Amino acid sequence: MKAAKKYPFLTLQKQRFSLHFDNRSSMADIPAEQDFYRWIWHTLKNTYRRADISLLLLDEEEARSYNRDYRGKDYATNVLSFALDEGEAMFDLQISDGLHGDLIICPQIVAKEAAEQGKIPTQHFAHLTIHGTLHLMGYDHIEDSEAEEMETLEIQLLNQLGYPNPYLED
């Protein structure tokens with residue numbers, strides 16, 4: 001029996017959320033595409049009727065270029081989020097009912113941070129994927145109140161997925 005017939009919620013999920021995954025990183029030992037899909041879907045499923053997200057995994061040099069070109073910061077960072085929303089005239093009809101955007105993750109930076117912070121790499125990937133998705137959804141952490149709201153939501157979502165609070169220090 002096909003999975004779609006046995007599990008109709010999978011058909012509905014695939015109608016509501018599309019992930020375009022491209023791993024251009026040379027790093028081995030990164031989570032599978034299905035893990036990223038699950039983390040992103042869990043973050044947005046209760047807020048958006050539809051979502052179309054591209055996730056690009058890049059090595060440090062290319063991630064650094066994006067950070068420099070789009071944020072004016074000349075270093076590679078763990079995650080970059082680019083929301084496609086207001087002002088995107090050529091996409092108006094397609095994006096009116098959902099979330100559309102791009103995430104860029106640099107696995108080398110994520111792995112380095114995990115090691116420095118004594119975290120399990122998969123947990124750190126989950127945290128930063130959720131963090132980036134929340135940015136796509138309009139959350140930010142510039143002001144203290146915004147940071148507190150975003151961190152609380154991250155902790156809640158990670159806990160629902162079985163991951164510990166990433167902000168606790170040992």
Side-chain angles (χ1 to χ4, degrees), residues 3 7 9-10 13-14 16-48 51-67 70-71 73 75-83 99-170:
Y7 304 103
F9 64 89
L10 292 176
Q13 179 183 18
K14 292 199 182 305
R16 290 186 55 203
F17 173 47
S18 179
L19 178 65
H20 308 278
F21 181 81
D22 188 7
N23 180 4
R24 297 197 323 221
S25 172
S26 60
M27 187 173 148
D29 262 356
I30 59 171
E33 178 179 352
Q34 294 84 353
D35 293 320
F36 289 105
Y37 185 100
R38 182 170 49 96
W39 299 329
I40 295 169
W41 168 251
H42 185 71
T43 305
L44 59 80
K45 69 182 177 184
N46 293 323
T47 306
Y48 289 92
D52 190 7
I53 295 177
S54 294
L55 172 60
L56 183 58
L57 304 181
L58 297 175
D59 285 333
E60 287 183 70
E61 190 59 37
E62 201 169 358
R64 178 181 180 177
S65 296
Y66 276 93
N67 201 26
Y70 292 98
R71 295 183 62 231
K73 300 184 181 204
Y75 56 86
T77 190
N78 50 25
V79 62
L80 292 168
S81 301
F82 300 97
L99 178 66
H100 299 263
D102 301 324
L103 291 174
I104 295 174
I105 293 178
C106 181
Q108 289 90 349
I109 298 295
V110 175
K112 179 181 171 189
E113 289 176 350
E116 291 171 352
Q117 298 170 19
K119 295 179 179 174
I120 297 169
T122 301
Q123 293 174 356
H124 199 48
F125 272 102
H127 176 214
L128 293 174
T129 302
I130 288 170
H131 182 88
T133 303
L134 288 173
H135 275 306
L136 292 179
M137 295 169 65
Y139 290 89
D140 212 335
H141 46 79
I142 295 171
E143 302 294 327
D144 287 344
S145 61
E146 293 174 332
E148 187 174 320
E149 179 184 12
M150 190 170 177
E151 287 176 12
T152 299
L153 193 49
E154 289 170 359
I155 293 165
Q156 175 187 0
L157 291 165
L158 287 162
N159 182 266
Q160 291 168 355
L161 289 165
Y163 297 118
N165 180 344
Y167 297 104
L168 288 179
E169 302 212 6
D170 293 333

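Side-chain atoms are counted along with the backbone in the values below, which use heavy atoms only and exclude waters and symmetry mates. Since the model is a prediction, treat every value here as computed from it, not as a measurement.
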### Task
Would you indicate whether E33, at its atom CD, is surrounded by more than 12 heavy atoms from other residues, nucleotides or ligands within a distance under 6.0 Å?
yes
Residues passing the ring pair (Phe, Tyr, Trp, His ring centres under 6.0 Å) test with F82, sequence neighbours excluded, are Y70
Between the CD1 atom in I105 and the OG1 atom in T77, the distance rounded to the nearest 0.5 Å is 11.0 Å
Quick one: are L57 and F21 in side-chain contact, heavy atoms under 4.5 Å? yes
Side-chain touch L58/C106, heavy atoms, less than 4.5 angstrom
no
Is it the case that the side chain of E62 and the backbone of D59 share a donor-acceptor pair, with hydrogens and angles ignored and the cut-off at 3.5 Å? no
> Side chains of N78 and H124: is there a donor and an acceptor less than 3.5 Å apart?
Replying inline: no
One should read off an interatomic distance between R38 CZ and K45 NZ, to the nearest 0.5 angstrom, of 10.5 Å
Sub-4.5 Å side-chain heavy-atom contact between I142 and E146:
yes
Backbone N or O of E113 within a donor-acceptor pair of the K119 side chain at under 3.5 Å?
-> no
### Query
Between F17 and Y48, is the ring centre distance below 6.0 Å?
no
So OG of S25 and CD1 of I104: to nearest 0.5 Å the spacing works out to 12.5 Å
With heavy-atom distances below 4.5 Å as the criterion, would you say the side chains of N165 and N159 are in contact?
no
Using a 4.5 Å cut-off on heavy atoms from C-beta on, say whether the side chain of L158 contacts that of P166.
yes
Heavy-atom distance under 4.5 Å between the side chains of H100 and I53, does that happen here?
no
Minimal heavy-atom distance between T43 and L157, with the atoms involved, is CG2-CD1, 3.9 Å
Scanning both residues in full, the closest heavy-atom pair of Q108 with S26 reads NE2-OG, 3.8 Å
CG of L99 to OG1 of T47, rounded to nearest 0.5 Å, is 9.0 Å
Taking every heavy atom of A111 against every heavy atom of M27, the minimum-distance pair comes out as CB-CE, 3.4 Å
Atom NZ of residue position K73 - does it have more than 12 heavy atoms of other residues, nucleotides or ligands inside 6.0 Å?
no
Review point. Are the side chains of D52 and H20 in touch, meaning some heavy atoms are under 4.5 Å apart?
Key: yes
In this structure, CD of E60 is separated from NZ of K112 (nearest 0.5 Å) by 6.5 Å
Show the numbers, then the answer: is there a side chain to side chain contact (heavy atoms under 4.5 Å, CB included) between W41 and F36? CA-CA 8 Å; W41 168 251; F36 289 105; over 6 Å; no
May I have the list of side-chain donor-acceptor pairs in residues 127-135 shorter than 3.5 Å, sequence neighbours left out?
{"residue": "H127", "atom": "NE2", "partner": "E154", "partner atom": "OE1", "Å": "2.9"}
{"residue": "H127", "atom": "NE2", "partner": "Y167", "partner atom": "OH", "Å": "3.2"}
{"residue": "T129", "atom": "OG1", "partner": "F125", "partner atom": "O", "Å": "2.7"}
{"residue": "H131", "atom": "ND1", "partner": "E154", "partner atom": "OE2", "Å": "2.5"}
{"residue": "H131", "atom": "NE2", "partner": "H135", "partner atom": "NE2", "Å": "3.1"}
{"residue": "H131", "atom": "NE2", "partner": "H141", "partner atom": "NE2", "Å": "3.3"}
{"residue": "T133", "atom": "OG1", "partner": "T129", "partner atom": "O", "Å": "2.8"}
{"residue": "H135", "atom": "ND1", "partner": "Y139", "partner atom": "O", "Å": "3.0"}
{"residue": "H135", "atom": "NE2", "partner": "H141", "partner atom": "NE2", "Å": "3.1"}

Closest heavy-atom pair, S81 versus L103, reported as atoms and distance to 0.1 Å, is OG-CD2, 3.3 Å
(message) Quick check: do L55 and L19 have side-chain heavy atoms less than 4.5 Å from each other?
(response) yes
Distance col, row R64:CZ vs Y75:OH, nearest 0.5 angstrom, shows 11.5 Å
